[in-house]
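Lettering of chains follows the sequences in order, A, B, ..., and the numbering in each one begins at 1.
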Amino acid sequence: MNPSARQPVRATTSINGMIITVASGKGGTGKTMVAASLALSLAAAYPQQPPLYLDCDVEAPNAHLFLHPTLAEQQEVGLLIPAVDEAKCTHCGKCAEICQYHAIAVLGKKTLVFPQLCHGCGSCTALCPEGAITEVLDRMGIVERGSAAAGIAFARGVLDVGEPMAVPVIRQLKKWALPRPGQVVIRDAPPGTSCPVVETIRGSDYLLLVTEPTPFGLHDLRLAAQVAKELNIPTGVIVNRENGTYPEIDAFCEADHLPILLRIPFERAIAEGVARGKTLVDIHPEYGDRFRQMFLQIYETISHS
Amino acid sequence: MKQLVILSGKGGTGKTSLAAAFAHLAQDGSAPIRAVLADADVDAANLALVLHPERLETHDFTGGSVAVIDAPRCQGCGICEQVCRFDAIDSDAGVYVVDPIACDGCAACVYQCPEDAIHMQPQTAGRWYRSESRYGPLFHADLFPAQENSGKLVTLVKQNARLLALDTDSQVVIVDGPPGIGCPVIAAAAGADLAVIVTEPTVAGVHDLRRILQTTAHFRIPALVVVNKADIYPQGAAEIEAICAEQGIGLIGQIPFDPTVTEAMLNGEPVTAYRAEAPSSQALAAIWQNVAARLA
Amino acid sequence: MKILLTATSPSIDSNVDPRYGRGAYFIVVDPDTMEWQAHPNPGIGASGGAGSLAAQFASNQQASSVVSGDFGPNAYNALQAAGIAMYLFGSSATVKEAIENFKAGLLESVGAPTGPGHHQH
């Protein structure tokens, strides 16, 4: 937990920093709509302490479509990959031997680097007996930050098209866009349960899983809940597009001791509003208070964990 | 033999529902096409939930290795923590441990530990299966939660589907792809003869459509676009039409917002098999004819 | 002169394996004497970079040509940098047949990657 969150505070009048990640397993369940609605609700309820919003879905970043930030600052990010000085290289083969990704090969009198295979671990540079390797930035995307409506601080990463690795962009986004002391952080995760999702969730104080009442929704919720367990992060569930026809979600949550914190009904008006880039609190303002109540419930949970 | 991949950029636009309908439609009708199916969304594999296949083979998938510190040999110097660029090593009261979830398997700590106290250990990262469904063989997999190497597992699933398709003289491999544009998507799309991109007329869907079209263009894969829930936001649908026209991409069908799709999913059937006369089913049948013609 | 071919089993009578980086065995042959050695592919279980690893292996074996069914971009770039020529099996079914076809100059040489590469992160 963020150390500052341990200080005793009166939760009803002021809030203190913590990191809440909104994830889902299945795509398209409404993560970004929920995360943006939560951010706007907190900014309205605690105008002195608007949250920091991180769009960590760097492959398909969409939160800007809901929060309309002004992105004032930008930085290139990527991995540090080896550059071989052929004048110093003796082609001894040490680098190729130690590289777990086979991203560097010594072929006769040539040493070749494969940027798309390199994970930037730095071993070849550190272990080259001739000191023939230096590191250069291999760009994979950008991180951007600025501010959005209601004083929300906003940052996101954008993976370059054709680049396979999202994790380095997410990792650097988390390091670059730091909260002010006491500021609540809302991380908007990518779909799935593999490395980019795990990198987003790591270090969070609470995980909010958004699901939908269908067999696909349940199947992927189950997987996402397992990730939360592996990472040992307290977790709650939001059921989106609830229409009362699939009680299996409730049964699973009860058996797994996952509280259902909010249900958002299946309603064409909501679907149409979200399609236009409206958040739930734009469409139905009464959700502002529901999100604040939900936040306080989360706050209580992690203050006692 | 042709390889068809279904992609979307944004998650939850209906890739799997489309893939299941294609699997059904390929087999249906007067000129059936022999297809092998591959679910390449290995971290949220859902195609089997619709097709209810019989599992014939289960294989372990070995992902990468992770570092393990041999506690009795560790002198607590902390070099491993310093050299790790993945923040995977932490100390608790002078005892160093590796977080296997964060470990990237680079072995930098193994090489630089002065006590030789760290070794690499291979991890079972998931399973893959060969199954038989109503509509033909299905290759699918489960990546264990929080595991890496999803691209490698995607490649494995696809490779096995391809080999079987070649062995059995099948005409097409239908690959249900993952969301996004990163490594598992690139692995799913590699070698495809045609990509069908399912989008929805929402601001997010339109935004991500542009990204996935850039990706297919980057890898020189011909793409066609299908709009799902086409009537939910006419302005979005118009924008999709404009993007396709501007880029010379075929917009080959619009599936209306239709509760039958969810109903069919709850019943574990492709919508086209569940109710052929539903508006979504009719749209899908027309789309499949178009796709099948291009694969012939 | 030595050539390296990909095979499904560790013998010169084996069928060809169409994959280079992920081929099961590498058969290294001197086409003049027909002396051969079989090596298990060290990259078969690699979590990534099988193509570059296989090229490294061919270079270490001092092969002047590699015959396989598919060369991804990493394997292609590495073999080209090493000055190793690449050929496709074509219709050859067994390793022996492929060697005969190679000697007869019947195999198609490769001037660009033949496969899209396999991202393996």
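Interface residue A/Lys175: only side-chain heavy atoms are found under 4.5 Å from chain B. Contact of A/Pro215 with chain B is made through backbone and side chain together, with heavy-atom distances under 4.5 Å. For A/Glu163, the part lying under 4.5 angstrom from a heavy atom of chain B is the backbone only. In this structure, the portion of A/Arg268 lying under 4.5 Å from any heavy atom of chain B is its side chain and not its backbone. Residue A/Tyr246 touches chain B through its side chain alone, counting heavy-atom pairs closer than 4.5 Å. Proximity to chain B involves both the backbone and the side chain of A/Ala271, based on heavy atoms less than 4.5 angstrom apart. Contact of A/Val58 with chain B is made through the backbone alone, with heavy-atom distances under 4.5 Å. Within the 4.5 angstrom heavy-atom criterion, atoms from both the backbone and the side chain of B/Asp231 approach chain A. In this structure, chain B has heavy atoms under 4.5 Å from both the backbone and the side chain of A/Leu223. Only the side chain of A/Arg171 has a heavy atom closer than 4.5 Å to any heavy atom of chain B. B/Pro179 touches chain A through backbone and side chain together, each having a heavy atom under 4.5 Å away. The contact between A/Val227 and chain B is made by backbone and side chain atoms together, counting heavy-atom distances below 4.5 Å. Heavy atoms closer than 4.5 Å to chain A are found nowhere in B/Phe144, neither backbone nor side chain. At a 4.5 Å heavy-atom cutoff, B/Asp41 makes no contact with chain A through either its backbone or its side chain. Only the side chain of B/Gln112 has a heavy atom closer than 4.5 Å to any heavy atom of chain A. For a residue to count as touching a neighbouring chain, one of its non-hydrogen atoms must lie under 4.5 Å from one of that chain's; by this rule B/Thr13 does not touch chain A. Proximity to chain B involves both the backbone and the side chain of A/Ser194, based on heavy atoms less than 4.5 angstrom apart. Residue contact with chain B, scored on non-hydrogen atoms closer than 4.5 Å, involves the backbone and the side chain of A/Val161 alike. For chain A, the nearby parts of B/Gln214 are the backbone and the side chain; heavy atoms of each come within less than 4.5 Å.
For the residue pair B/Tyr111 and A/Gln100, a side-chain donor N or O sits within less than 3.5 Å of a side-chain acceptor on the partner. Remark: the A/Asp57 side chain and the A/Asn62 side chain contain no N/O donor-acceptor pair separated by less than 3.5 Å. In summary, the side chains of A/Asp55 and A/His64 do not present any donor paired with an acceptor at a separation below 3.5 Å, with no hydrogens or angles considered.
Considering only heavy-atom pairs separated by less than 4.5 Å from chain B, the leading option among A/Asp220, A/Asn243, A/Leu231, A/Thr245 is A/Asp220. The choice from A/Ala166, A/Ser24, A/Ala275, A/Gly28 that makes the most heavy-atom pairs within less than 4.5 Å of chain B is A/Ala275. Each of B/Ala107, B/Pro145, B/Ser8 has some count of heavy-atom pairs under 4.5 Å with chain A, and the biggest count is that of B/Pro145. When the candidates A/Thr32, A/Leu65, A/Val198 are compared by the number of heavy-atom contacts under 4.5 Å with chain B, A/Leu65 comes out ahead. Note: B/Asp104 leads B/Thr262, B/Asp104, B/Asp99, B/Val206 in heavy-atom pairs under 4.5 Å with chain A. Between chain A and the options B/Gly9, B/Gly205, B/Ala204, B/Cys84, the largest number of non-hydrogen pairs under 4.5 Å is found for B/Ala204. Ranking A/Gly30, A/Gly25, A/Ala126, A/Gly122 against chain B, the residue ahead of the rest is A/Gly122, based on heavy-atom pairs under 4.5 Å. In terms of heavy-atom pairs under 4.5 Å with chain A, the best-connected choice from B/Ala102, B/Pro178, B/Pro201 is B/Ala102. The candidate with the highest count of non-hydrogen atom pairs below 4.5 Å against chain B, out of A/Glu248, A/Lys229, A/Gln226, is A/Gln226. When B/Val83, B/Val185, B/Asp87 are compared by the number of non-hydrogen pairs under 4.5 Å with chain A, B/Asp87 comes out ahead. Put simply, of B/Asp142, B/Thr202, B/Asp43, the one with the most heavy-atom pairs under 4.5 Å next to chain A is B/Asp43. The most heavy-atom pairs under 4.5 Å with chain B, out of A/Ile201, A/Val167, A/Val274, A/Leu159, come from A/Leu159.
Side chain of B/Lys152 to backbone of B/Gly64: no donor-acceptor contact under 3.5 angstrom is found. Not one N or O on the side chain of B/His207 forms a donor-acceptor pair closer than 3.5 Å with the backbone of A/Ala60. Side chain of B/Lys10 to main chain of A/Gly27: no donor-acceptor pair is present (N/O by atom type, distance under 3.5 Å, no hydrogens or angles). Formation of a donor-acceptor pair under 3.5 Å by the B/Lys158 side chain with backbone atoms of B/Ala187 is found in this model. Counting only distance, with no hydrogens or angles, the side chain of B/Ser17 and the backbone of B/Gly14 share no donor-acceptor pair below 3.5 Å. B/Arg211 places a side-chain N or O within donor-acceptor distance of the main-chain N or O of A/Glu59, the cut-off being under 3.5 Å. In this structure, the side chain of B/Arg85 engages the main chain of A/Gly120 through a donor-acceptor pair within 3.5 Å.
With salt bridges taken as basic N to acidic carboxylate O contacts below 4.0 Å, none links A/Glu130 and A/Lys94.
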- May I have the step-by-step check of side-chain contact (heavy atoms from CB on, under 4.5 Å) for B/Cys106 and A/Tyr101, ending in yes or no? CA-CA 7 Å; B/Cys106 75; A/Tyr101 312 107; 3.0 Å; yes
Can A/Val34 and A/Ile264 be said to form a side-chain contact (heavy atoms from CB on, under 4.5 Å), step by step? CA-CA 10 Å; A/Val34 162; A/Ile264 302 166; 4.1 Å; yes
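In this structure, B/Leu266 CG and B/Leu49 CG are separated by 11.5 Å, a value rounded to the nearest 0.5 Å. One finds the CZ atom of A/Phe66 at 8.5 Å from the OG atom of A/Ser37 (value rounded to the nearest 0.5 Å). Atoms OG and CG, from B/Ser133 and B/Leu138 in turn, are 6.0 Å apart once rounded to the nearest 0.5 Å. Rounding to the nearest 0.5 Å places CG of B/Leu7 at 12.0 Å from OG1 of B/Thr199.
Using non-hydrogen atoms only and a strict 4.5 Å limit, the part of residues 207-214 of chain A facing chain B consists of A/Pro213, A/Thr214.
Side-chain atoms of B/Leu47 and B/His140, non-hydrogen and from C-beta on, never get closer than 4.5 Å to each other. Side-chain contact between B/Glu81 and B/Asp90 is present, with at least one heavy-atom pair separated by less than 4.5 Å.
When the ring-ring contact (aromatic ring centres under 6.0 Å, His included) test is applied to A/Phe154, the partners found at least two apart in sequence or on another chain are A/Tyr53.
A 6.0 Å sphere centred on CD of B/Gln235 holds no more than 12 heavy atoms belonging to other residues, nucleotides or ligands.
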